[in-house]
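Remarks on the structure that follows.
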Amino acid sequence: MDKIELKINGRAHSLEVHENQSLLNVLRDELDLTGTKYGCGEGQCGACTVLVEGTPMRSCVTPAASVQGHEITTIEGLERDGQLHPMQQAFLDEDALQCGYCTPGMILSAIALVNNNDNPSEAEIVDAMQGNICRCGTYSRIVAAIQRAAHNTKEGVR
Amino acid sequence: MNQNNPSNWMIEPERYELYSAPMYTFDLNRRQFLRTMGGGVLVLSLLSQNVTAQETRRESRGRQSGQDLPDEIGAWLHIGEDGEITIFTGKVEVGQNIRTSLAQVVAEELHTPLNTIKMVMGDTDLTPYDAGTFGSRTTPAMSPQLRRVAAAAREILIDLAVKESEVDRSLFVVSEGKVSNREGDQSYSFGELTKGQEIVQTLEDNISLTPVDEWKVAGTSTPKVDGRLFVTGEHRYTCDMTLPGMLYGKILRPSSFNATLTSLDTKEAEAIPGVSVVRDGNFIGVTAPDPITARRAIEAIQAEWKSESQPSDEEIFDYLKGHPVEGRGGGWGGSSQESGGSLQEGFAKSKQTLEETYHIHYIAHVPLETRAALADWKDGKLTVWTGTQRPFGVQNELAQALQIPRENVRVIMPDTGSGYGGKHTGEAAVEAARLAVAVKKPIKLVWSREEEFTWAYFRPAGVIDIKSGLDEEGRITVWDFHNYNSGGSGIRALYDIPHQNSQFHRTESPLRQGSYRALAATANHFARESHIDSLAHEMKIDPLEFRLKNIKDERLRNVLTAAAEAFGWSEKKSTEDRGFGLACGFEKNGYVATCAEVEIDRQKKQVRVLRVVESFDCGPIINPEHIKNQIEGMILMGIGGALFEAIRFENGKIRNPNFSEYRVPRFGDTPKMEIVLIDRKDIAPAGAGETPIVTVAPAIGNAIYNSTGTRLRTLPMTPNGLKV
């Protein structure tokens, strides 16, 4: 077991982890931050997406030890004083979910995109989000939600 | 045969995973129940014999003496002494948004804001028995019950207000959660009226409901009631739940299906600190303090298996035809053979005939949340949280598997990360429970993606043979349709054909199979609508015109023309790189038509679905936005089954049990979609969670044909690219 320090949603955590224990595992089973989901364990579905210094990463294939010293953001870290992040609100406004299981991963991937590109075209959205699976098939609504959130962020709506 | 009479519905024969009809007694003393709920008003919906009996059908049994409550209860509504409204239903939420639509119909009758309604769903201790959330049954069968109990509760509240105020009944109006005198100043909140009351009413007769065309809450695009919980990650799926002292479970899987264990050595696993190994016949599992140790423990078990030679996906179609199962194909459902007229006469009258064979591969449901269960065994009572479409079915499975009385088993179904017909069975629940009973600690067991691809059940593979005949005017005179193994759902052609025979033949299946979204209606519509198009081409008649020539059914004609018009069908001309196709269908009292535009890239050997217009008629619509969401979702799912999804297997092993080798539709596969909803307020409602998927594959196949001249007769059509 190794001792590591992780900074998640602004808070520091000291943990003991197994060799190569994934960040996903640490979040869900050590810290009870269950908003980040297990979908495949192979980095193929995006349900486990978190932001590391704003970059989207598949936490299921990211060793927890490898992201020490970096600012990690999970779905739990988006809300501010009871106010949803514009991306979260946009998903609700566009009815961009059904079972909701892919939603946290989608939201984080989407935030990373919009932070880098404040007016993404549909093609750019599709390209950036291709690694996230929604089996319920709400893709067109997620695209609309991302465009809405991008617009709202530009307009300064929070 | 009256298609709209729900009593003619039956459990489809190919729901193999429902291996036994449940025998169930709900023993509860009425007064005791009310004491558990607290005082207030309780309204129970009693099932009449025909309308909704299917929901809770049991083996027939008379009323047992000493039992206050009748067996056949569909749903109940409770208004507590504080005015809190709770609906109890055995139906469950898997993303299809019935949690919202059912709340809407209750709010409509009870005249109370939506956020004052709490829904308790799928808890075997608290909710009435329900056969399962499948078959598009919730809207036609559960929704009317909830409307009735809500309307009855409303009337009781008015009664209470009348007693309280001695004002004439006709002056009271219920609105915004209050009962008010429109002429005086008496106004009561629900809580003010229910305080100190202990009213229990069993609803037997029909009660007057708000007419559908007067709906103000139902019929609107109400947002998902608890959507906020999902966009924040707050909602706990089964896999997110924890209990104090919980351990993690994992199961040792055989090396292949039908393998026999020849040697087992668990010493190394048992030596790992915190690990217990549990063995019960062929059941071998471990418990550990964390999931990583559990996996390590499984890997430390030395097991040898003797495997058997079994067919592969490459020989599956010959295998199915070569291994019939004796007896009527209908299983426990009804007739699988629908005939009219005489085939001999029909073929004699035909100017030309066409014979085709279609092949359907096994596919997987791929719910994004894998099977999971949290089992707690305490003081002889088992409580299991698990994502399943049949909490009462799983309760039965657990009682049988563990040999404990059903009354000591409670199954709770949290809103779950999808099912699509693939979560009717409780494998994870049984596994977690067995471990929990053995080690006497709560056990969480979550299937890996590979396990979900391997050890669940698949949509059946099949072979479909069609032989048909036409007269010189392009009217279909004869139709002989045979489905081998895939199933009997949607086998009946709604075309106006005087001589027809549609038959389902059971065969052996090397893979475990069962329900899928719309079941075999996906396969049967693909074969039928592709064949219909082939017939149209034989006659050189436009596919839309040909269908209208051969369909009398008003509602089917309606969705077809609605979709074609919205699509601009008459202006579309297929070219070398653009194909336009259409298909229509009928299933579970829903009518659907799909038009598809595909792009053919002959160089890259690829097909892309560019645009889909789909028209759907399921009677009165409770939530237009949610239905559109469902239909769009089914178009995406349908594209997967149409073009690239297939389970590859050989000798009892699944060869592609992961996302990198089993392709599911992604953002890049999403076409432009337009949904044309036909809102029929004048007829009985049908469900909407399945039917819209059935016309997607044939519309795409027909579009490909119209561009390339190649008829693709296998699902999936282009697993390795387009071969023209």
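Quick note on labels: first sequence line is chain A, next is B, and so on, each numbered from 1. Everything quoted here is computed from the prediction, not taken from an experiment.
- Expressed to the nearest 0.5 Å, how far CD1 of B:I631 lies from CD1 of B:I675 amounts to 5.0 Å.
- Taking B:I639, B:T670, B:N629 one by one and counting their heavy-atom pairs under 4.5 Å with chain A, the maximum is reached by B:N629.
- Heavy-atom distances place both the backbone and the side chain of B:P665 under 4.5 Å from chain A.
- By number of non-hydrogen pairs under 4.5 angstrom with chain B, the leading residue of A:Q21, A:M87, A:E30, A:E76 is A:Q21.
- Ion pairing of A:R135 with B:E645 is present here, as a side-chain N (NZ or NE/NH1/NH2) and a carboxylate O approach within less than 4.0 Å.
- Only the side chain of A:E79 comes within less than 4.5 Å of a heavy atom in chain B; its backbone stays farther off.
- Contacts between A:D32 and chain B at a heavy-atom distance below 4.5 Å involve backbone atoms as well as side-chain atoms.
- B:T691 is not listed as a side-chain neighbour of B:M634, based on a closest heavy-atom distance of 4.5 Å or more.
- The line from CZ of B:F230 to NE2 of B:H235 is 4.0 Å long, rounded to the nearest 0.5 Å.
- The contact between A:I107 and chain B is made entirely by side chain atoms (from C-beta outward), counting heavy-atom distances below 4.5 Å.
- When heavy atoms are compared at a cutoff of 4.5 Å, B:Q96 does not approach chain A at all.
- Looking at A:E19, neither its backbone nor its side chain comes within 4.5 Å of chain B, counting heavy atoms on both sides.
- With a 4.5 angstrom heavy-atom cutoff, B:V366 touches chain A via backbone and side-chain atoms both.
- Using a 4.5 Å cut-off between heavy atoms, A:D29 contacts chain B through both its backbone and its side chain.
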Determine whether B:D669 and B:R608 satisfy the following criterion, salt bridge (Lys or Arg N to Asp or Glu O under 4.0 Å), listing intermediate values before the conclusion.
CA-CA 7 Å; B:D669 299 303; B:R608 238 172 39 103; over 6 Å; no

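- The choice from B:G419, B:C239, B:S221, B:P223 that makes the most heavy-atom pairs within less than 4.5 Å of chain A is B:C239.
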Test side-chain contact (heavy atoms from CB on, under 4.5 Å) on A:Q88 and A:I75 and set out the steps.
CA-CA 9 Å; A:Q88 290 173 303; A:I75 189 78; 4.1 Å; yes

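- Contact annotation for B:R228: both backbone and side-chain heavy atoms come within less than 4.5 Å of a heavy atom of chain A.
- In this structure, no portion of B:M241 lies under 4.5 Å from any heavy atom of chain A.
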Please walk me through it: do B:L445 and B:K250 pass side-chain contact (heavy atoms from CB on, under 4.5 Å)?
CA-CA 6 Å; B:L445 191 142; B:K250 204 151 171 62; 5.8 Å; no

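- Of the residues considered (A:I133, A:V126, A:T103, A:L97), A:I133 shows the highest number of contacts with chain B, using heavy-atom pairs under 4.5 Å.
- The contact between A:E42 and chain B is made entirely by side chain atoms (from C-beta outward), counting heavy-atom distances below 4.5 Å.
- The candidate with the highest count of non-hydrogen atom pairs below 4.5 Å against chain A, out of B:D415, B:L636, B:L368, B:V664, is B:L368.
- Of the two parts of A:S140, the backbone and the side chain both hold a non-hydrogen atom closer than 4.5 Å to a non-hydrogen atom of chain B.
- Side-chain contact between A:T49 and A:M57 is absent, with no heavy-atom pair separated by less than 4.5 Å.
- Contact of B:Y248 with chain A is made through the side chain alone, with heavy-atom distances under 4.5 Å.
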Set out, in order, the CA-CA distance, both residues' side-chain angles and the distance that settles salt bridge (Lys or Arg N to Asp or Glu O under 4.0 Å) for A:E71 and A:K7, then state yes or no.
CA-CA 6 Å; A:E71 188 65 58; A:K7 198 147 162 247; 3.0 Å; yes

One pair to check against side-chain contact (heavy atoms from CB on, under 4.5 Å): B:V696 and B:E614. What are the steps and the verdict?
CA-CA 9 Å; B:V696 177; B:E614 185 153 314; 3.9 Å; yes

Before giving the answer on side-chain contact (heavy atoms from CB on, under 4.5 Å), spell out for B:L374 and B:T386 the whole-Å C-alpha distance, their side-chain angles and the decisive distance to 0.1 Å.
CA-CA 7 Å; B:L374 173 59; B:T386 192; over 6 Å; no

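- Using a 4.5 Å cut-off between heavy atoms, B:K672 touches chain A through its side chain atoms alone.
- Put simply, of B:G640, B:P367, B:S448, B:P671, the one with the most heavy-atom pairs under 4.5 Å next to chain A is B:S448.
- Salt-bridge formation is detected for the pair B:D240/A:K37: a Lys NZ or Arg NE/NH1/NH2 atom is positioned less than 4.0 Å from an Asp or Glu carboxylate oxygen.
- B:T416 touches chain A through its backbone: at least one of N, CA, C or O sits under 4.5 Å from a heavy atom, while the side chain does not.
- Put simply, of A:G35, A:C99, A:G137, the one with the most heavy-atom pairs under 4.5 Å next to chain B is A:C99.
- In this structure, B:Y516 and B:H365 have tilted ring planes: the angle between them lies in the 30° to 60° band.
- Heavy atoms closer than 4.5 Å to chain B are found in the side chain of A:M106, but not in its backbone.
- The residue from A:Q147, A:R148, A:Q89 that alone fulfils the side-chain hydrogen bond (donor to acceptor under 3.5 Å, both in side chains) condition with A:E94 is A:R148.
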